[in-house]
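What you are looking at is a predicted structure, and each value in this text was computed from that prediction instead of being measured. Hydrogens, waters and symmetry mates play no part in the numbers below; they use all other heavy atoms, side chains included. Whatever order the structure lists ligands and atoms in, that order sets their numbers, starting from 1.
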Amino acid sequence: MTATPVIELDGIAKRYRIGDGWFTALDDLSLRIDANEYVAIVGPSGSGKSTLMNLLGCLDVPDAGQYRLQGEDVAGLDENRLAVARNRAIGFIFQSFNLLPRASVLANVVQPLVYRRMAGAERRRRALDALERVGLADKLDNLPGQLSGGQRQRVAIARALVTRPRILLGDEPTGNLDSSTTASIMRLFDALHAEGQTIILVTHEAEIADHCRRSIRLVDGRIAEDRRQPGTGTRHV
Ligand SMILES: Nc1ncnc2c1ncn2[C@@H]1O[C@H](COP(=O)(O)OP(=O)(O)OP(=O)(O)O)[C@@H](O)[C@H]1O
Ligand SMILES: [Mg+2]
């Protein structure tokens, strides 16, 4: 028996209305990602990487095709049911962090759990675990503006992890960071992968793509290349 893929796209299309015409950002895209894969999405600017991540993360819906998330068809869900599917399965790390500026580090990380029926003490315990994981247990009361860029990114990662999602999605999660901060965040992703996490990262950086076991190159909204790296086992920076 083959296991259900965590993500299955079949003939996905996404178009944007531009003036009188349409721009096709994703074109008849099919893709299967299994549990515990570690995938880099690469390709030139404008090739559709963020559009694809937004669909995978249930932040947007396709115009055509099927998206099965853990076996459930999500392409046709309305906004509320899409939000539930997202909260249950996905941790999304935005390039621009998307933290609440007036909420503390702890409050930011707790936020995805507020939508769940979970006791406050349990929510806090989970948020503390996630912040410890990213090395920020000493910054609970800081506001995002009182953190460095790398620390803010780690808060965003803790927030993505706090729901213990099956799938971790990152759109350029190290895009604005220096090389040593990038290295420490990649070590964290490597460790999560070794524990069984499914990880999909958009990146411009070859060093990051090299961490991943599979590299999918988009060109003009299509998959131009889908390559698996030889070798297994966790690699280190
Ligand atoms: N809301 C929108 N309306 C119209 N066109 C859009 C919209 N969002 C994206 N596009 C177009 O779709 C294409 C793909 O955009 P996308 O953001 O997915 O690219 P990307 O691969 O993430 O690029 P980058 O590496 O620069 O982040 C681009 O040509 C972009 O102009
Ligand atoms: Mg992008």
Checklist entry - For atom 20 (P) of ligand 1, which candidate among G175, G43, G221, G46 provides the closest heavy atom? => result G46
Item to check | atom 25 (O) of ligand 1 [closest protein heavy-atom partner, distance rounded to 0.1 Å] | outcome: K49 NZ, 2.7 Å
Next on the checklist: Could you check whether Y67 and D10, counting side-chain N and O atoms only, form a donor-acceptor pair closer than 3.5 Å?
Outcome noted: no
Checklist entry - To the nearest 0.1 Å, how far is atom 11 (C) of ligand 1 from its closest protein heavy atom, and which atom is that? => result F23 CE2, 3.8 Å
Checklist entry - Any idea which atoms of ligand 1 are less than 4.0 Å away from a heavy-atom of A25? => result 12 (O)
Checklist entry - In terms of side-chain geometry, is the basic nitrogen of D60 or K14 positioned less than 4.0 Å from the acidic oxygen of its partner? => result yes
Next on the checklist: Closer than 4.0 Å and a protein heavy atom, does any atom meet both conditions relative to atom 31 (O) of ligand 1?
Outcome noted: no
Checklist entry - Of all the atoms in ligand 1, which lie at a distance below 4.0 Å from a heavy atom belonging to H204? => result 25 (O)
Item to check | T51 neighbourhood, listing ligand 1 atoms whose heavy-atom distance to it stays under 4.0 Å | outcome: 14 (C), 15 (O), 16 (P), 18 (O)
Item to check | Full working for salt bridge (charged side-chain N to carboxylate O under 4.0 Å, His left out) between R154 and E132 | outcome: CA-CA 10 Å; R154 283 186 279 150; E132 203 149 296; over 6 Å; no
Checklist entry - So how far is it from L131 CG to L161 CG, rounded to the nearest 0.5 Å? => result 10.0 Å
Item to check | N54 versus T51, side-chain donor and acceptor atoms under 3.5 Å | outcome: no
Checklist outcome for this item: Atoms of ligand 1 under 4.0 Å from any heavy atom of S47, numbered from 1 in the order shown, are 19 (O), 21 (O)
Checklist entry - Which ligand 1 atoms, with their elements, are less than 4.0 angstrom from a heavy-atom of I18? => result 4 (C), 5 (N)
Next on the checklist: Counting non-hydrogen protein atoms only, what is the nearest one to atom 6 (C) of ligand 1? Give residue, atom name and distance.
Outcome noted: Y16 CD1, 3.2 Å
Checklist entry - Which residues and atoms, counting only protein N, O or S, are under 2.8 Å from the Mg ion (ligand 2)? => result S50 OG
Checklist entry - What residue and heavy atom of the protein are closest to atom 27 (O) of ligand 1, and at what distance? => result S50 OG, 4.0 Å
Item to check | Derivation and outcome, salt bridge (charged side-chain N to carboxylate O under 4.0 Å, His left out), residues E72 and R88 | outcome: CA-CA 12 Å; E72 184 194 7; R88 203 173 48 209; 3.2 Å; yes
Checklist entry - How far apart are the C-alpha atoms of D141 and K139, what are their side-chain angles, what is the distance that settles it, and do they pass the salt bridge (charged side-chain N to carboxylate O under 4.0 Å, His left out) test? => result CA-CA 6 Å; D141 298 323; K139 300 284 184 189; over 6 Å; no
Item to check | Spatial distance of atom NE2 (H204) from atom OG1 (T174) [nearest 0.5 Å] | outcome: 11.5 Å
Checklist entry - Which residue pairs pass the salt bridge (Lys or Arg N to Asp or Glu O under 4.0 Å) test with at least one member in residues 16-30, sequence neighbours excluded? => result D27-R222
Checklist entry - Can you tell me if R214 and Q229 form a side-chain donor-acceptor pair at under 3.5 Å? => result no
Checklist entry - Considering only the protein, which heavy-atom contact is closest to atom 26 (O) of ligand 1, and what is its distance? => result S45 OG, 2.6 Å
Next on the checklist: Side chains of N36 and Q197: any donor to acceptor distance under 3.5 Å?
Outcome noted: no
Checklist entry - Would you call E122 and R116 a salt bridge, using N to O less than 4.0 angstrom? => result no
Next on the checklist: Under 4.0 Å from a heavy atom of P44: which atoms of ligand 1 are those, numbered in the order shown and with their elements?
Outcome noted: 21 (O)
